[in-house]
Amino acid sequence: MPELPEVEVVRRGLADHVAGRRIATVTVAHPRAIRRHAAGAADFTGRLAGRLVGAVRRRGKYLWLELADAAQDAPQPGDDAVLAHLGMSGQMLVADHGKPDEKHLRVRVTFDDDGPELRFVDQRTFGGLSAHPLAPAAGGGLLPAPVAHIARDPMDPAFVLDDAVAGIRRRRTGLKRALLDQTVVSGIGNIYADEALWRARLHWARPTESLTRAQGRAVLTAAAEVMDEALAQGGTSFDALYVNVNGASGYFDRSLAVYGQTDRACPRCGTPIRREAFMNRSSFSCPRCQPRPRNAHP
DNA sequence: CGGGAAGCCTGGGCGC
DNA sequence: TGCGCCCAGGCTTCCC
């Protein structure tokens with residue numbers, strides 16, 4: 001599932017293969033893929049056609065391509081950007097024209113240089129594309145409107161660890177819910193939340209109100225480290241014509257300590273990893289390293 | 001207004 | 001073999 005490291009791999013791929021090129025045509029094969037573009041498919045394609053792709057930005061799991069008329073144009077408030085969220089199964093593929101269409105091709109973008117096209121492919125259509133004007137953000141920079149409420153992620157140079165810790169401790173919920181809340185800290189999904197909790201030896205149901213500052217720093221530092229490691233491995237797996245999102249977390253799945261490791265030995269103490277129900281899905285943890293707190297959040 | 005849960009999707013895997 | 005069910009899960013929307 002694409003979480004922060006996987007989206008960053010895609011961002012880098014787009015920066016390498018799409019930035020600086022002028023869009024020729026845009027075809028929407030499945031309207032659900034642009035459902036977040038309220039003005040509809042014709043408006044979406046019209047806003048992109050003929051525009052030059054500028055910088056490729058990311059915050060948390062959202063990424064966007066700035067659009068300009070000329071290469072020397074610096075982005076201004078009101079300029080359009082193409083916003084993408086990969087959801088569960090979204091892929092950005094850079095493909096030669098002759099390559100057969102993928103079964104779940106949703107949007108095709110061609111360029112006036114006749115080079116490889118950009119394809120948005122998404123089996124489960126939880127993801128999608130939309131166009132939005134950039135607007136000045138409270139914390140600086142220019143953001144598309146749907147990203148305005150998303151907190152900075154741990155790879156952002158302006159990320160402030162202690163502010164994120166304070167944000168978690170202000171919540172009144174379980175620790176994992178807070179880690180998954182993209183308005184507190186962004187980029188963390190189910191996989192990296194479980195890995196970070198294991199590294200920090202904290203249980204997912206730990207009430208945030210009883211979390212110490214040191215524990216908050218530990219779990220967020222662990223999240224940043226595990227995502228850095230995943231990025232380093234995921235970055236090795238894409239080639240020139242494939243902007244990598246393969247639906248899994250690159251090669252990093254070999255390095256997961258707890259996620260999906262039910263009944264396997266904890267790498268730290270050997271105790272079998274347990275799986276517990278959490279928000280209609282799963283949490284994986286070590287029963288010995290991460291004992292359930294007495295005051296566990298329900 | 002904050003917290004929690006339902007709903008959106010499809011294909012792989014499994015039991016019968 | 002084929003059907004039905006469960007599971008994966010990020011985000012928006014709705015309700016309390």
*Could you tell me the separation between the CZ atom of R177(A) and the C1' atom of dG2(B), rounded to a whole number of Å?*
12 Å

*Nearest to side-chain heavy atoms of R275(A), which nucleotide of dA8(C), dG11(B), dC8(B)*: dA8(C)

*Could you check which of dG3(B), dC11(C), dT10(B) has an atom nearest any side-chain atom of R171(A)?*
dG3(B)

*CG of D113(A): more than 12 outside heavy atoms within 6.0 angstrom?*
yes

*Which one of D43(A), V28(A), T45(A) satisfies the side chain to side chain contact (heavy atoms under 4.5 Å, CB included) criterion with I34(A)?*
V28(A)

*Could you state the atom-to-atom distance from OH of Y192(A) to P of dG10(C) in whole Å?*
12 Å

*asked:* So L52(A) and L67(A), do their side chains get closer than 4.5 Å, heavy atoms only?
replied: no

*Could you give the CD1-to-P distance, from I168(A) to dG2(B), as a whole number of Å?*
16 Å

*If only side-chain N and O atoms of R172(A) are considered, is one of them under 4.0 Å from the OP1 or OP2 phosphate oxygen of dG2(B)?*
no

Under 3.5 Å, which protein N or O atoms sit close to an N or O of nucleotides 12-16 of chain C? Give each pair with its distance.
residue : atom : partner : partner atom : Å
dT12(C) : OP1  : Y62(A)  : OH           : 2.6

*Any donor-acceptor pair under 3.5 Å from D96(A) side chain to G98(A) backbone*: no

*Judged by modelled atom types alone, do S186(A) and K61(A) share a side-chain donor-acceptor pair under 3.5 Å?*
no

*Base, sugar-phosphate, or nothing: which does H297(A) touch, judged by heavy atoms less than 4.0 Å apart?*
sugar-phosphate

_Could you check whether any side-chain heavy atom of F111(A) comes within less than 4.5 Å of a side-chain heavy atom of V18(A), counting everything from C-beta outward?_
yes

*OP1 or OP2 of dC9(B) under 4.0 Å from side-chain N/O of R32(A)*: yes

*Provide, to the nearest angstrom, the distance between the CZ atom belonging to F126(A) and the P atom belonging to dG7(B).*
13 Å

*Given atom NZ of K61(A) and atom C1' of dC11(C), what is their separation to the nearest angstrom?*
9 Å

*Compute the angle between the rotation axes at the two ends of the helix from dG2(B)-dC16(C) to dC16(B)-dG2(C), each taken over five pairs, rounded to 10 degrees.*
50°

_Can you work out whether S282(A) or Q182(A) has the more 5'-proximal nearest nucleotide on DNA chain C?_
S282(A)

*In whole angstrom, what separates F278(A)'s CZ from dA6(B)'s C1'?*
16 Å

*For the side chain of R124(A), starting at C-beta, report the closest nucleotide among dG10(C), dG11(B), dA8(C).*
dA8(C)

_Side-chain N or O of H85(A) closer than 4.0 Å to phosphate OP1/OP2 of dC11(C)_ = yes

_Rounded to whole Å, please give me the gap between CG in N280(A) and P in dG10(C)._
13 Å

*With respect to the phosphate group of dG10(C), does any side-chain polar atom (N or O) of N190(A) fall under 4.0 Å of OP1 or OP2?*
no

*Any side-chain heavy atom of T271(A) sitting closer than 4.5 Å to one from C289(A)?*
no

*asked:* Base, sugar-phosphate or nothing for D122(A)? Non-hydrogen atoms, less than 4.0 Å.
replied: nothing

*So, for S89(A) and D122(A), which heavy atoms are closest and what is the spacing to 0.1 Å?*
OG-OD1, 2.6 Å

*Return the 5'-most residue of the pair R281(A), D181(A) with respect to DNA chain B, ranking by each residue's nearest nucleotide.*
D181(A)

*Just to confirm, is there a sub-4.0 Å distance from OP1 or OP2 of dC8(B) to any side-chain nitrogen or oxygen of T125(A)?*
no

*Could you tell me the separation between the CH2 atom of W204(A) and the C1' atom of dG4(B), rounded to a whole number of Å?*
14 Å

_Quick check on dT10(B): is either OP1 or OP2 less than 4.0 Å from any side-chain nitrogen or oxygen of K103(A)?_
no

*NZ or CZ of R268(A) within 45° of W198(A) ring axis and under 6.0 Å*: yes

*Are there more than 12 heavy atoms of other residues, nucleotides or ligands under 6.0 Å from atom CZ of R213(A)?*
no

*Compare every heavy atom of R108(A) with every heavy atom of D101(A), then report the nearest pair and how far apart it is.*
OD2-NH2, 2.9 Å

